[in-house]
Student: 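The following block contains the structure, expressed as structure tokens.
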Amino acid sequence: MINTGKFIEKSFFIAAIFSAALTFIIFVFMIFLSLPLFKGGLFFNILGNPWKPEHGIFGVYPMLIGTVLIVLLSLCWAFPLSLGSSVLISVIAPPRFSKLLKKIVQMMTGIPTVIYGFVGVFLLVPFIREMFNAGSGMNILTASLMLAMVISPTMIIIFTDSFENIPQAYSDAIDALGGSAIQKLIYVILPCSWKGILTGLILSLGRAMGDTLIALMIAGNAVAVPDSIFESARTLTSHIALVIAADFDSIEFRSIFTCGIVLYMFTTILILLVRFLGRMSLKNK
Amino acid sequence: MINSIVGRKLALIGLFFLITFCMVSASWAGPLDSFSGEKGDIKISGGTAHIPVMKDAAKNIMNYNNDISISIAGGGSGVGIKQVGEGLVDIGNSGRKPKDGEISKYGLKIFKWAIDGVGVVVNPENKVNSLKTQQLVDIFSGKIDNWKSLGGIDKQINVYTRDNSSGTREVFWKKGLNEGEITNKANFVVSNGAMKSAIANDPYGIGYVSVGHIDESVLPVTLDGVLPDITNIKNGSYKIARGLYSNTKGEPQGLAKKFIEYMFSTEGQQIVIKQGFVSVNQ
Amino acid sequence: MKQSFLEICIKSFAWFSGLFLLSAVFLIMCYLIIKGWGAFGFSLVFGDVPPLDALFLHRKVFSGLFPAIVGTYMLVILAVGMATPVGIAAGIYLAEYGKERIKSFFSLFYDILAGIPSIVIGLFGFSIAIFLHRYIKEIYPCLFISAMALAILVLPYLIRTTQFAMENIPEDVRLTAPALGADKLQNILYVLFPRSLSGITSGVILAIGRCAEDTAVIMLTGVVASAGIPKSLMSSYEALPFYIYYISSQYRTSQELQTGYGAAIILLLICAGLFLTAFFIKNIMIDRILYRS
């Protein structure tokens, strides 16, 4: 019995170590496979070069820019929308409606991304094409709008959680002074929950950057550096999905590991930021 | 009155013959016989122009023998050649002839079972349905970027293209664009099927697609006065023609061998014709 | 009380955003249902094959969603089957054994793992398959490789839900068994783990949903457009989300497109069903704790 007990306890530990090691293994494996690129600084060339396979140039600079534009633009739509919806849920709406709204938002986190993409192709793309006279309608704007729909629910949930976690004493104080709900929002809730808002923003940024399907299906996947939001663009994630099928000894194929490493490092930085924020709020309390 | 009775009798006799013929052909069907008693998988990937033919052939074989599984993936010709060379699939399809380097590196065996062309297509709403080679080159390089200058409506031209592993792109680039540049603002699609539906959905789009895939949802563009269709490919007047190939690493073995034999059988070639390609037996 | 201009602005903006979001979701759902409703029926799933023949694998289904549904089902079972034991074990370790420093160190790793884009995990799976193929000829990107990659994808969720479920057990429950002489492991296995089972279960169900909907991982690790029912772990397979993606760009007839809409509705129903189940289980747990203690 003691031996089995020890064995079970050991296996808990091994499982924990194994799971943590996976994180590390994935990174090492990608570095290992893109190793030829690190010799002679090719790695950084790839980050700065355009994508011109017919001239033997396999840079991912356009995809880097495409990713940044689509992600930032989608945050521009999603942030105000989510902030407004969270205010509605936590402060303004009557309790029953707010409860319903919250449930719907939670359900929305479970809607498969591919479905947003599918509807995007047949509903949003033609609309944008005719509305803005914007080329094929598959462009940065279209992708960012759909992406905003994908990331909003998560953002709203994090925002409302942080709104509802403000110190009760502050909230009571405002009530005692006869402040309105909006005054409470402006003077207490928002100042108290800025860290939660920032956390939500960072996590959604990671979610938007990591999404593949939306950009792959409705951003058009062109390899030029986009000049405007009405131009078609390719993200790092969709670049991986498109090139994966290529010859796996070529530089073309290796370049997708560069994309993978960039995505990995960027999400790691975001997670570290979120943790840092979390530490700060713990100390304050 | 008498005519109709005779007609009915004739029809009955015809029906009788048809049924007998079906029964005979079902019991003595040559091409599928070799699959009886077989078991196992065939993995196929690569060329996307091939997919409709592959699917039909696979369906016939799997309906005949439920113990055989055939999986069909796309990816493009480059992928097909690479994957079959690495032994990841049994049959790698390509819409271009594998290069000499590829053949010698992997020891490929090449089987050309159909002739196809690459046609330029636009949306059926588009009034521009004929182009000169030079105009085509200018459109794809981005020099001409509005339909108006070609006699169409005042809208931006949306160029659609395929990625580098595509054999269709390679053939079109060589024979259609005379190796001219393709603008990097072009939208990318991943297969012939995707090209067709992209153009069918975009009233201002232009792209190139396997002739076998052209149907009423897109409008084929005559190039220098020649319409990309089966007849013009057969008589050699349409210049952007190419073969459809299936490749194996070394001599094909087992089920893969039987699959390729089936492609060359009468029934296999009928599928080729039904899907809009030119049979190699003619 | 007179409302200031700012208050009115904020209020109307909040209502606008909430209603905008609602109507956008509503629009998407309605569009799917209106477009896809016509496709519903046996033939959507089984094509022209009689359902019983298809279910008993007597005949292969070519024009229906049956292979894709079976593929998704097998994929989910495999992936969650692989991830759950490891996830729960690691979660228990984190909640009950880990010291504060180790805990925060490990959870950093789990958070990073949870943040890695699914396409990167797919890329990892694909590279593993190619890497192994050089030594073992039988390994290709296949059902097993996909399931493994998906298991990595959901592992951090499982660890975290287990950990939270265990940590949220009230202190008096936690102390009862040790007071009666149970050792730590007995306490975990017979008291704490059963007690947090509903929390863990809802986590597992959400992981199932995540596996069922993910497209980026599987499109790199072995899903194909046409494969039929997978014969073994080493076969290629079809899956619902990939089918939807595939159809969206390369449908050949309007009938195929209809099937795509049908597939989207089915996937949506599966995910919603899983979500509601998880929600239900979680709520039952809360009720139980409220009424018992």
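Bear in mind the structure is a predicted one, so any value in this text is a computation, not a measurement. Worth knowing before you read on, the calculation uses all heavy atoms, side chains too, and leaves out hydrogens, waters and symmetry mates. Proteins get letters first, then strands, A, B, ... in listed order; numbering begins at 1 in each.
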Student: Between C:L57 and chain B, which part of the residue has a heavy atom less than 4.5 Å away: side chain, backbone, both or neither?
Tutor: backbone
Student: Knowing that exactly one of B:R242, B:Q275, B:H50 qualifies, which makes a side chain to side chain contact (heavy atoms under 4.5 Å, CB included) with B:D116?
Tutor: B:R242
Student: Would you find a donor on one side and an acceptor on the other, under 3.5 Å apart, between the side chain of B:S166 and the backbone of B:G76?
Tutor: no
Student: If I measure from the heavy atoms of chain C, does B:D67 come under 4.5 Å with its side chain, its backbone, both, or neither?
Tutor: backbone
Student: For B:I72, is it the side chain, the backbone, both or neither that has a heavy atom under 4.5 Å from a heavy atom of chain C?
Tutor: both
Student: For chain C, which residues of residues 198-218 of chain B have at least one non-hydrogen atom nearer than 4.5 Å to it?
Tutor: B:N201, B:D215
Student: Quick one: CG on C:L75 to CG on C:D214, what's the gap to the nearest 0.5 Å?
Tutor: 9.0 Å
Student: Out of curiosity, C:Y237 OH to C:S226 OG, how far, rounded to the nearest 0.5 Å?
Tutor: 14.5 Å
Student: With no hydrogens and no angle check, just 3.5 Å: does a side-chain donor-acceptor pair link B:Y262 and B:N60?
Tutor: yes
Student: Hey, what do you get for CZ (C:R252) to NZ (B:K196), rounding to the nearest 0.5 Å?
Tutor: 6.5 Å
Student: By side-chain hydrogen bond (donor to acceptor under 3.5 Å, both in side chains), which residues pair with B:D229, not counting sequence neighbours?
Tutor: B:N232
Student: Is it the case that the side chains of B:S69 and C:K231 hold a donor-acceptor pair, with the cut-off being a distance below 3.5 Å and no angle test?
Tutor: yes
Student: Side chain from CB out, backbone as N, CA, C, O: work out which of these in B:K55 comes under 4.5 Å of a heavy atom of chain C, or both, or neither.
Tutor: side chain
Student: What is the distance from atom OH of B:Y160 to atom CD1 of B:I182, rounded to the nearest 0.5 Å?
Tutor: 15.0 Å
Student: Where does B:V190 contact chain C at under 4.5 Å (heavy atoms): side chain, backbone, both or neither?
Tutor: side chain
Student: Ignoring hydrogens and geometry beyond distance, is a side-chain donor-acceptor pair present between C:T221 and C:S146 at under 3.5 Å?
Tutor: yes
Student: What's the spacing between C:L240 CG and C:I244 CD1 if we round to 0.5 Å?
Tutor: 6.0 Å
Student: When only heavy atoms count and the cut-off is under 4.5 Å, which of residues 37-44 of chain B reach chain C?
Tutor: B:D41, B:K43
Student: Pairs in or reaching into residues 27-53 of chain C: which pass salt bridge (charged side-chain N to carboxylate O under 4.0 Å, His left out), with residues at least two apart or in two chains?
Tutor: none
